[in-house]
Number of protein chains: 4
Amino acid sequence: MSSKISVKGEESFDAVCEAKHPGRPRCPVAHQNILKAARELVEEGGFDCLTIEGIAARAGVGKTTVYRRWPNKASIVMDAFFEEVSSRTSFPDTGSAREDIRLQMRQFVAELNGPLGCKISLLLANGQFDEEMAEAFRARWIEPRRSEAQLVIKRGIERGEIRREVDVDVLVDALYGPVYFRLLGEHAPLTETFADTLVEIVMSGLEG
Amino acid sequence: MSSKISVKGEESFDAVCEAKHPGRPRCPVAHQNILKAARELVEEGGFDCLTIEGIAARAGVGKTTVYRRWPNKASIVMDAFFEEVSSRTSFPDTGSAREDIRLQMRQFVAELNGPLGCKISLLLANGQFDEEMAEAFRARWIEPRRSEAQLVIKRGIERGEIRREVDVDVLVDALYGPVYFRLLGEHAPLTETFADTLVEIVMSGLEG
Amino acid sequence: MSSKISVKGEESFDAVCEAKHPGRPRCPVAHQNILKAARELVEEGGFDCLTIEGIAARAGVGKTTVYRRWPNKASIVMDAFFEEVSSRTSFPDTGSAREDIRLQMRQFVAELNGPLGCKISLLLANGQFDEEMAEAFRARWIEPRRSEAQLVIKRGIERGEIRREVDVDVLVDALYGPVYFRLLGEHAPLTETFADTLVEIVMSGLEG
Amino acid sequence: MSSKISVKGEESFDAVCEAKHPGRPRCPVAHQNILKAARELVEEGGFDCLTIEGIAARAGVGKTTVYRRWPNKASIVMDAFFEEVSSRTSFPDTGSAREDIRLQMRQFVAELNGPLGCKISLLLANGQFDEEMAEAFRARWIEPRRSEAQLVIKRGIERGEIRREVDVDVLVDALYGPVYFRLLGEHAPLTETFADTLVEIVMSGLEG
DNA sequence: GTATAAACGAGACGGTACGTCAGGTCTTTCT
DNA sequence: AGAAAGACCTGACGTACCGTCTCGTTTATAC
């Protein structure tokens, strides 16, 4: 299942692909090749080795084919990185809210320590230069994770494990914010211990 | 007072300027003009309207003059933004650690809501594409603020207001991280209330 | 009556149109629309505003429909400009050869001073870049006029008004060449007086 | 000595080259290389193998260097073809006007039968699509030859060999026009005999 | 009637060249 | 010898058309 996030002035690929249009249908192989090329180029030489011409060349595709489908480099990157990633989220249920949260945070930290980490930081950074990108990143990455966390927290509140008055939104950011901060700032390591300690610090005092 | 952070392959401006060199001394006005031009350009058209050519043109200076003084765009930006900003930090002392922290956080949030906010987020973002930049940003912006916070927290610990076992580094990130996260993510507003609530959530349970 | 000039690898429109083929017959309206579109585009923005895509778009026709009927831009232009023009030639008979020739030349000059003039010069010019075009232009425009002139001259020779030894081909070019030259070179105006003077200069001394 | 014909929005090369400017002077080798590349490309593959990118590549020069010096393809071609050609004109003096003219025409025809021929026809043709080009071509090629011919004719008139009343401008075109016409029209060959016959036809009857 | 055949419009395809912009370097003259 | 100017090569940008190629649809003749 592909993206639901629309990108600037461009019908979604699926919409174009599946609908009964007149005209030659867009080649679905090209779509995959372009995204694959984009991923490879970023992996090989960093974010600014990523040129449209380079992508097109490696994908064995004309530049126009790229431009026909994506309005800018950023949205290619979004699609390239979130093709499969988006869906896999974690929603543990150990019976203890704090434990659930700790597991979630641990997994999140582990994820960011892997190959995904640098991509996420790049995407978050890129969003500062391109509101479109930022929007897409929020919708496809940040929000899904915030929702999960909110669910776990709300479950904790209902069970009476977490105090009723707690502002859930702020709590979520108190948990996730520091992780993103270390990811971007690189002023301190993103360890499992950090996750644990962070949960301890934030959650202590919130329990009913 | 100028930068202490060394930048790639370039003698510091002051060193060159003050020493008794043979040859024409570097024009000190050019230096200021270049930084001013950089600031203006970013303000007017965002970060990617910032070209070396543009800076040189607006500063009424040759491109070579720019390249002679800074090795890359990033370091110009650093100097441009941290000329005066760096020093003004806040170090309140109300007698209550939590209150001191709240004041610090409020001031920090206020600062980021002003014109500085977008610059900081841009710099933090830019660091993801340029390690040099990231290093400078950490040293000139992030660390000074972490140090302040650490001092306040340590004072709180010594006074017995905060539990001895608390990991100060993690605590600092637990306080600052969420702020940076909202600054960058823009998924929720950066209000004074947010600062207060955040301090409440994080600090409750840590007090001795 | 349509073109008899064969064009590269393409059955004539009429042949296809009138024959009893299976399959949908070529739409005759499209044919006219395409030629009309071509004429309009050239008139509006000159010869290099003439793109196949533009023609197709303005004619409300798919590009394939254009390509199916003409092998290249040049032959569209040929058909577009010579649809009606070709046939109207002048063949005066005043009794005097020199007078007939003068009338012919006057009419020719008048024609080239009208809207046709620039088209002819464009077509002649275009022929330098496209042998196909040149061939068609020769056959459809140049030769018919040369033939007329030859007829008038030969009649003059038979009547004893023009000397027997005169090389008719060269004489025809001596009359028409200068007119085309002024049309293309624009170094001097194409007036009726020019036609008269030219005939005077060329014909004097040729009369028996 | 280089061109006096100014070209759209561009200072002449010499002016820029010889003046005492600050800044790096334009590389004179590049100038020659570009023109040479242009000549070669036209010779190899005709006029529409002539792309700016191709010229730049073959000249070992950046596209910008080309665009900095010439405003369009046409003016490159003009410079490329008229670097040396322009000056060599023929001005015979046999004592007989008709003989002088015949020699001039023979030489002209011979010239056009050589490698220059196709270039001239291309340039004349090109002028139909680009007024700038046409202007330059008139000034650099057509007019010099018309002047020569006029001189020879006027000398003939003064010597009493040619009738006083003859319109010199028309006579010149009567001589040259047919040659250009056969060059462009290719409906008949451009032979020495043609030149002779043409002179015979045109000049007979004009002699005093 | 039901194939079969061809033309239709639409529009995607891989390409080439366009003219522009910025990069970072190099080479002048001027101060 | 630094400053300012400006030319140098490189390489990517985003656009316009090229001529070809599917598509799904329409309109004929031929079985």
Give the rounded distance in Å between these two atoms: [atom1] of [X] and [atom2] of [N].
X	N	atom1	atom2	value
D:I76	E:dC18	CD1	C1'	13 Å
B:R69	F:dA3	CZ	C1'	9 Å
D:H31	F:dA7	NE2	C1'	15 Å
B:N72	E:dG24	CG	P	8 Å
B:I55	E:dG24	CD1	C1'	14 Å
B:E53	F:dA5	CD	P	13 Å
B:Y67	F:dC8	OH	C1'	14 Å
B:W70	E:dG24	CH2	P	15 Å

(request) Report which part of the nucleic acid C:G60 touches: base, sugar-phosphate, or nothing (heavy-atom distance under 4.0 Å, all strands). (result) sugar-phosphate
[X] side chain near [N] phosphate (N/O to OP1/OP2, under 4.0 Å):
X	N	value
D:T65	F:dC8	yes
A:R24	F:dC21	no
B:R68	F:dG2	no

(message) Both A:G54 and C:L50 contact DNA chain F. Taking the nearest nucleotide for each, which residue is further toward the 5' end?
(response)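 Between the two, 5'-proximity favours A:G54.
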(request) Could you check B:V61 against C:I52 and say which one's nearest nucleotide on DNA chain F is further toward the 5' end? (result)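 Checking each residue's closest nucleotide, the 5'-ward one belongs to B:V61.
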(message) Tell me whether the side-chain N or O atoms of C:K63 pair up with the base of F:dG19 as donor and acceptor below 3.5 Å, since no angle test is needed here.
(response) yes
(message) Is there, by distance only and without an angle test, a donor paired with an acceptor across the side chain of A:T64 and the base of E:dG15 below 3.5 Å?
(response) yes
(message) Could you check whether C:R39 pairs with C:E43 (Lys NZ or Arg NE/NH1/NH2 to Asp/Glu carboxylate O, under 4.0 Å)?
(response)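 The answer is no: the pair does not qualify as a salt bridge.
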(request) State plainly whether the residues C:E44 and C:R58 are in salt-bridge range, i.e. N to O under 4.0 Å. (result)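 A salt bridge links C:E44 with C:R58.
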(message) With heavy-atom distances below 4.5 Å as the criterion, would you say the side chains of C:L123 and C:F82 are in contact?
(response) yes
(request) Could you tell me the separation between the CD1 atom of B:I34 and the CH2 atom of B:W70, rounded to the nearest 0.5 Å? (result)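 One finds 4.5 Å between CD1 of B:I34 and CH2 of B:W70.
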(message) So, taking the atom named OG1 in A:T51 and the one named NZ in A:K63, what distance separates them when rounded to the nearest 0.5 Å?
(response)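 The NZ atom of A:K63 is 9.0 Å from OG1 of A:T51, to the nearest 0.5 Å.
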(message) Taking the nucleotide of DNA chain E with the nearest heavy atom to each, does D:K73 or C:G23 sit closer to the 5' end?
(response)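 Nearest-nucleotide comparison on DNA chain E picks C:G23.
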